[in-house]
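To start, the structure itself, in C-alpha cells.
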Amino acid sequence: MPEIVGSFTSLGNNCEFGLVQRACGVEPLGLFRFSRTELALLIAALDTDFELFGSPGDLEIYPDGQGRPSCRSRRYGFDYLISDLPADQDAAKFLKRETAKVGFLKRKLLEDLGEDDRIFVRKAAADETDDDARRLLQSLRRHGRSTFVHVRQGNAVTATAAEDGLIRATLPHLAPIEAAYDIDLESWLDLCARIHRLVRKGPADSLAAPKRINLLARSGRRPSTDVVEAGRTEPQVFGAYQEAAQLDPSTIYTYSAWLWVPSDFQGDRIGAAIGHYRLGWRDADLTRRDCWQRVWVSARIPEGFRTLMMGIVVSGPPGSRVWSRDRWLEVGLVPGAAEPPRCTP
C-alpha cells in the first residue's frame with residue numbers, strides 16, 4: 001500500500017490525502033499536497049502553467065484563523081501552513097525561501113503532468129459537480145494523458161471509470177476543512193487499491209491481504225465486560241501491558257477489537273490505544289447501538305519500551321459499560337479483514 005498510495009499526486013482541496021500518504025509512511029513532494037485550493041482558481045493556474053503563482057509579490061505570510069503562520073498566494077488564494085517559522089524569522093528571507101520552493105514544486109508538477117502514467121486525485125469541495133470535474137480534467141489534459149480521480153462524499157467506497165482519463169469516486173466520510181486529520185483511513189486505502197486496479201488493469205486479487213497473525217501474548221478472543229470505575233475523571237483503558245521490546249520501531253502495528261455498545265451507554269468516546277501513539281484510528285460510532293463494530297488504532301512504537309499498555313479506551317461516567325472481544329495486534333496500517341462475531345454478549 002505505501003507504494004500504491006505514494007504513486008498518487010494530490011490536487012487539494014485540503015491536506016487530507018497528504019496526511020493519508022504520511023500515515024502510510026510515504027512523503028512524496030507535491031505542490032498541493034498540503035494546500036487548500038479552490039477549483040476555479042486551480043483551473044486558471046493550470047491553464048496558464050502556474051505563471052503567476054510564486055511570481056514577485058505573489059506570496060505573503062499571514063496568520064490563519066487559529067493564529068498559525070501560513071503562506072498564501074495573493075493571485076490564486078492557494079495557502080498552506082508553515083510549521084518551521086521561528087518568531088524572530090526575517091519575513092523577507094522566509095518569503096525568498098518559499099518562493100524558491102514553490103518555483104521548484106510547480107516545475108515538478110508540470111513535468112509530472114506530462115507523464116501518461118500519473119494519477120492525480122482531488123478531494124472535492126462540497127459544491128463541486130461532475131461538470132467541474134470535467135473542466136479540471138480538460139485543463140490537466142492540456143499537459144498530458146494522466147488519470148484524474150475526483151473524490152466526493154457518498155454512502156460507500158466506489159471508483160468508476162466515467163470517461164477517458166476520469167474516475168469518479170466516493171468515500172463515506174471526508175474530513176472537514178478545519179479537521180483534515182479526521183481521516184477514514186480504511187476507506188482511503190480501499191479506494192486507492194480499487195483505483196490502482198482500474199488504472200493498471202491488474203487482477204482482482206493482486207492486492208490480496210496476507211493471513212492475519214495475532215501478536216498479542218494472549219489471543220484476546222474471549223469476551224470481556226468493561227465497566228468504568230467509580231471516581232474516574234479521565235478516560236479508562238481496559239487492556240494489558242504487552243511486550244514491546246521485540247516489536248520493530250520501523251514497522252506499523254494495529255491494535256483492534258470488536259465492541260458492543262449497549263443502548264444505555266452515556267459516554268462520549270470509545271476507541272483503542274497503543275500507549276499514546278497513533279497514525280490512524282477508528283473510534284466507535286456511538287450512533288450505532290446493540291451491534292458489533294470494530295475499533296482500532298495503528299502506530300509505530302519507538303525504541304526503549306519493554307512493555308506498553310494496549311487496550312480499549314472508554315470515556316464516560318462511572319458505571320459506563322461496553323463489551324469487547326477478539327482483540328488483535330498485527331502488522332499493518334489498518335486491521336485485516338474479519339467478520340464480526342456471530343454471537344451477542
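One hydrophobic cluster, built from ILVMFWY side chains closer than 4.5 Å, holds both L247 and I274. V237 and V295 fall into different hydrophobic clusters, where Ile, Leu, Val, Met, Phe, Trp and Tyr residues are linked whenever their side-chain heavy atoms come under 4.5 Å apart, directly or through other members. The hydrophobic cluster containing L95 also contains L105, counting ILVMFWY residues as joined when their side-chain heavy atoms lie under 4.5 angstrom apart, directly or transitively. Under the 4.5 Å side-chain heavy-atom criterion for Ile, Leu, Val, Met, Phe, Trp and Tyr, L191 and V334 are members of the same hydrophobic cluster. Linking Ile, Leu, Val, Met, Phe, Trp and Tyr whenever their side-chain heavy atoms come within less than 4.5 Å leaves W323 and V228 in two separate clusters.
For T170 (side chain) and A156 (main-chain N/O), a donor-acceptor pair under 3.5 Å exists by modelled atom type. Side-chain N or O atoms of R74 include one that pairs as donor or acceptor with a backbone N or O of G57 at under 3.5 Å. Under a 3.5 Å cut-off, the side chain of D326 and the backbone N or O of A257 do not form any donor-acceptor pair. For N13 (side chain) and R36 (main-chain N/O), no donor-acceptor pair under 3.5 Å exists by modelled atom type. Panel note: side chain T9, backbone L109; no donor-acceptor pair is recorded below 3.5 Å. Between the side chain of W292 and the main chain of C343, a donor-acceptor pair closer than 3.5 Å is present. With hydrogens and angles disregarded, no donor-acceptor distance shorter than 3.5 Å links the side chain of E98 to the backbone of L59. Using modelled atom types, no side-chain atom of R325 and backbone atom of P223 make a donor-acceptor pair closer than 3.5 Å. In this structure, K106 contributes its side chain and F53 its backbone to a donor-acceptor pair below 3.5 Å. Side chain of E330 to main chain of S256: no donor-acceptor pair is present (N/O by atom type, distance under 3.5 Å, no hydrogens or angles).
Side-chain polar atoms of D226 and S324 form a donor-acceptor pair below 3.5 angstrom. Neither side chain, S187 nor D190, offers a donor N or O lying under 3.5 Å from an acceptor on the other. Counted by atom type alone, D248 and S250 present one or more donor-acceptor pairs between their side chains at under 3.5 Å.
Shortest non-hydrogen contact noted between F34 and G18 is CE2-C, 3.7 Å. In this structure, Q293 and V261 approach most closely via the heavy-atom pair NE2-CG2, 3.9 Å. Residues A338 and R212 come closest through the heavy atom pair CB-NH1, 3.3 Å. The two residues E186 and P335 make their nearest non-hydrogen contact at OE2-CG, 4.0 Å. In plain terms, the two heavy atoms of L19 and I183 that are nearest each other are CB-CD1, 3.4 Å. Counting all heavy atoms, side chain and backbone alike, P262 lies closest to D290 at CA-OD1, 3.4 Å.
Using a 4.5 Å heavy-atom cutoff, the side chains of F8 and P28 are not in contact. Looking at F104 and L29, their side chains come closer than 4.5 Å, going by heavy atoms from C-beta outward. Contact of the R300 side chain with the L279 side chain is registered, since non-hydrogen atoms from C-beta on lie closer than 4.5 Å. Put simply, the side chain of Y62 reaches to within 4.5 Å of the side chain of D79, judged on heavy atoms. Here the side chains of F17 and L11 are not in contact, with every heavy-atom distance at 4.5 Å or above. Inter-residue side-chain proximity for P176 and D182 is flagged as met; some heavy-atom pair is nearer than 4.5 Å. Side-chain contact between E27 and R22: present, with at least one pair of heavy atoms (C-beta onward) separated by less than 4.5 Å. Put simply, the side chain of V149 does not reach to within 4.5 Å of the side chain of V199, judged on heavy atoms.
Around CD of Q236, the count of heavy atoms belonging to other residues, nucleotides or ligands within 6.0 Å exceeds 12. With a 6.0 Å radius and a threshold of 12 heavy atoms from other residues, nucleotides or ligands, E60 has its CD atom above the threshold. For E339, the CD atom sits in a loose shell: 12 or fewer heavy atoms of surrounding residues, nucleotides or ligands are nearer than 6.0 Å. Around CD of Q266, the count of heavy atoms belonging to other residues, nucleotides or ligands within 6.0 Å does not exceed 12.
Distance check: W328 CH2 to R294 CZ gives 10.0 Å after rounding to the nearest 0.5 Å. Atom CG of D116 sits about 7.5 Å away from atom OG of S146, to the nearest 0.5 Å. Atom-to-atom distance recorded for I119:CD1 and I167:CD1 is 6.5 Å, nearest 0.5 angstrom. The distance from atom CD1 of I82 to atom CZ of R97, rounded to the nearest 0.5 Å, is 7.5 Å. With rounding to the nearest 0.5 Å, the separation of CZ in R33 from OG in S10 is 9.0 Å. Atom OH of Y80 sits about 12.0 Å away from atom CZ of R72, to the nearest 0.5 Å.
For the side chain to side chain contact (heavy atoms under 4.5 Å, CB included) test with L171, the passing option among N155, D184, V157 is V157; the others fail.
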Between S73 and L52, is the side chain to side chain contact (heavy atoms under 4.5 Å, CB included) condition met? List the steps. CA-CA 9 Å; S73 165; L52 298 178; over 6 Å; no
L185 vs R282, side chain to side chain contact (heavy atoms under 4.5 Å, CB included): CA-CA, chis, key distance, verdict: CA-CA 8 Å; L185 193 57; R282 183 188 292 278; over 6 Å; no
Side chain to side chain contact (heavy atoms under 4.5 Å, CB included) between H143 and D49, worked out: CA-CA 9 Å; H143 302 272; D49 297 344; 2.9 Å; yes
When you look at L216 and Q242, which way does the side chain to side chain contact (heavy atoms under 4.5 Å, CB included) test go after all the steps? CA-CA 7 Å; L216 293 178; Q242 305 291 335; 3.7 Å; yes
Would S55 and R75 count as a side chain to side chain donor-acceptor pair (under 3.5 Å) if you check the C-alpha gap in whole Å, the side-chain angles of each, and the deciding distance to 0.1 Å? CA-CA 9 Å; S55 61; R75 172 61 181 84; over 6 Å; no
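Listed by chain and residue number, L166, R168 satisfy the side chain to side chain contact (heavy atoms under 4.5 Å, CB included) test with A162 (two or more places apart in sequence, or in another chain). By the side chain to side chain donor-acceptor pair (under 3.5 Å) test, R107 is found to be paired with no residue, residues two or more places apart in sequence or in another chain being considered.
Using cut-offs of 30° and 60° on the angle between ring planes, the pair F148 and H150 is tilted.
Under 4.0 Å is where a charged nitrogen must lie from a carboxylate oxygen, and between K108 and E111 no such pair does. A salt bridge does not link D47 with R135: none of the charged nitrogens is closer than 4.0 Å to a carboxylate oxygen.
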Residues 304-320 side chain polar contacts: donor-acceptor under 3.5 Å, at least two apart:
unit_1 : atom_1 : unit_2 : atom_2 : d
S315   : OG     : D268   : OD1    : 2.8
S320   : OG     : P317   : O      : 2.6

